[in-house]
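Okay, so here's the structure we're looking at.
Worth saying up front: this structure is predicted, and the values here are computed from it rather than measured. All values below were derived from every heavy atom in this structure, side-chain atoms included, with hydrogens, water molecules and symmetry-related copies excluded.
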Amino acid sequence: MEATEVVLVADVGKSRCRVELRSGNELLGAADQHGFPGVHVDNGPTLAFDLLLETVSQLPPGLPVSTLTGIGAAVAGVEASAEKSQELATMLSQRFSVPAAVLSDATAAQLGALQGAPGTTLIVGTGAVAFRFDQAGILHRADGWGPYLGDRGSGRWIGQQGLQAVLEAHDGGPATSLSAAARALVESPEMLPGWLAESENPYRAMARFAPLVLHAAEAGDAVAHHIVGEACRILTYTVTLATGDEGGTPRVAMLGGVVGSDFFAALLRKSLASAGIEVVAPLGDGLDGAALAATRRGLIQERYIHRDGTNWPD
C-alpha cells in the first residue's frame with residue numbers, strides 16, 4: 001500500500017459522526033459515535049473539529065493515520081454558514097497537515113451517488129431533500145427545510161402521520177393496527193404527547209415510528225397505506241421541483257434509510273415512473289462523496305466545497 005493513497009473521510013451529522021480511513025477503494029478502519037448540532041451554530045467549527053478528532057481516536061490502533069494525503073468531511077449545517085465551514089476546513093488542514101475539504105451532507109450524498117456527474121439525488125431519512133447539480137455546477141434544491149417548514153414525506157413525516165393516526169383512532173376515527181404498534185412506545189395513546197415532549201430529539205423519535213408505519217402498510221393496514229402513498233406522492237413532487245426543465249428524461253438516485261425499505265422503495269419508484277422520472281442506482285453514499293471531494297479538484301460542485309485555502313501541490 002502506498003502512503004499517498006490514504007485519506008480520512010467523515011460524515012459529521014446531527015445524529016451520528018462516522019469516520020473512515022481509506023486507501024483507494026479499500027476500507028482500512030472505521031469508527032462512529034453521536035452527532036452534533038451543526039457547524040453553523042455558536043462555536044460550531046470547534047464542536048465539529050473536537051468531535052471528529054475524538055471519533056478518529058476511536059479508530060483501531062495501528063492504522064496509518066500519520067500518512068494522510070487528504071481529508072473530506074461532510075458536515076451538517078454547512079449550507080447555513082460558508083465562513084464557519086471554511087474555518088473548519090482550515091482547522092482540519094492545520095491539524096493533519098494535508099488538504100481538507102468540507103461540504104454539506106446533501107452535497108456529499110449527491111457527489112457519492114453520481115460520482116461527481118450532474119444529476120438529481122433524493123435523500124429520504126429523518127428529513128427529505130432533493131438535490132440537483134446541472135451541467136454548469138449550479139445547485140437546484142427542493143425541500144430539506146427542516147421539521148417545522150419542510151422535510152415532507154420523510155421518515156419524521158411518516159412517523160408523525162402514523163402517531164397522529166393513532167390519536168385520531170383513539171378519538172373515534174378510523175381504526176388502525178398502528179394503535180397496537182404504538183403500545184411498544186407507551187401504555188396508552190394519551191401518553192404519546194408526553195413521551196414525545198420528553199424525547200431528547202422529538203423528530204428522530206417520530207422517525208423511529210416510520211418503520212412500523214411501513215410494516216403496517218405492507219401488511220394491508222388501510223390507514224398506514226394511505227400515509228405511505230401520500231409520502232410517495234409528496235416525494236415525487238419534490239423530485240419534480242428539483243429536476244425542473246433539465247431536458248430529456250429526468251433521472252434520480254435515491255439514498256437514505258427510508259428508501260432502504262424494499263416495500264417503500266418499490267412504491268416510490270412506481271410513483272416517480274408515473275411522473276416520467278427514471279430511478280438509477282446510486283454509485284455511492286455521502287462518505288464516498290466526501291472521499292471524492294478530498295481526492296479530486298475541479299468538480300462541477302466545486303463552488304459548494306469549502307477547502308482550506310492552501311495552494312497544495314497536485
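Across all their heavy atoms, Ala130 and Thr238 have their closest contact at CB-CG2, 3.8 Å. Across every non-hydrogen atom of Ile123 and Ala106, the tightest pair is CD1-CA, 3.9 Å.
With Tyr203 as the partner, the ring pair (Phe, Tyr, Trp, His ring centres under 6.0 Å) test is satisfied by one option alone out of Phe209, Trp157, Tyr148: Tyr148. Checked options Ile305, Leu299, Leu103; the residue passing with Leu292 is Leu299 (criterion: side chain to side chain contact (heavy atoms under 4.5 Å, CB included)).
Rounded to the nearest 0.5 angstrom, Ile71 CD1 and Ser97 OG are separated by 9.0 Å. Atom OG of Ser85 is separated from atom CD of Glu79 by 8.0 Å, given to the nearest 0.5 angstrom. Taking CG of Asp285 as the start and CG of Leu111 as the end, the distance is 11.5 Å to the nearest 0.5 Å. Atom CD in Gln86 sits 13.0 Å away from atom CE in Met91 (nearest 0.5 Å). How far CD of Glu198 is from CE of Met191: 8.5 Å, rounded to the nearest 0.5 Å.
In this structure, the side chain of Glu302 engages the main chain of Gly298 through a donor-acceptor pair within 3.5 Å. Although no hydrogens or angles enter the test, the distance criterion places a donor-acceptor pair under 3.5 Å between the side chain of Thr69 and the main chain of Val6. Checking side-chain atoms of Arg132 against main-chain N and O of His140 turns up no donor-acceptor pair under 3.5 Å. No donor-acceptor pair closer than 3.5 Å links the side chain of Arg208 to the backbone N or O of Gly159.
The shortest distance between side-chain heavy atoms of Arg22 and Leu287 falls below 4.5 Å. Within the 4.5 Å cutoff, side-chain heavy atoms of Thr240 are placed close to those of Ile277. Put simply, the side chain of Val252 does not reach to within 4.5 Å of the side chain of Thr243, judged on heavy atoms. In this structure the side chain of His170 never reaches within 4.5 angstrom of the side chain of Ser179, judged on heavy atoms. Under the 4.5 Å side-chain criterion, counting only non-hydrogen atoms from C-beta, Val258 is not in contact with Leu268. The shortest side-chain heavy-atom distance between Val124 and Met254 does not fall under the 4.5 Å cut-off.
Cluster membership for Tyr237 and Val239, using ILVMFWY side-chain heavy atoms within less than 4.5 angstrom, is not shared. When the side chains of ILVMFWY residues are joined at heavy-atom separations under 4.5 Å, either directly or via intervening members, Ile138 and Ile300 end up in a single hydrophobic cluster. Linking Ile, Leu, Val, Met, Phe, Trp and Tyr whenever their side-chain heavy atoms come within less than 4.5 Å puts Leu59 and Val12 in one cluster. At a threshold of 4.5 Å between side-chain heavy atoms, the hydrophobic network of Ile, Leu, Val, Met, Phe, Trp and Tyr places Leu52 and Val39 in one connected group. Clustering ILVMFWY residues whenever any of their side-chain heavy atoms sit less than 4.5 angstrom apart, transitively, puts Leu8 in the very cluster that holds Val78.
Between Phe49 and Phe36, the distance from one ring center to the other does not fall under 6.0 angstrom.
Around atom CZ of Arg152, no more than 12 heavy atoms belonging to other residues, nucleotides or ligands sit under 6.0 Å away.
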side-chain contact (heavy atoms from CB on, under 4.5 Å) assessment of Gln161 paired with Glu230: CA-CA 10 Å; Gln161 295 293 313; Glu230 183 67 6; over 6 Å; no
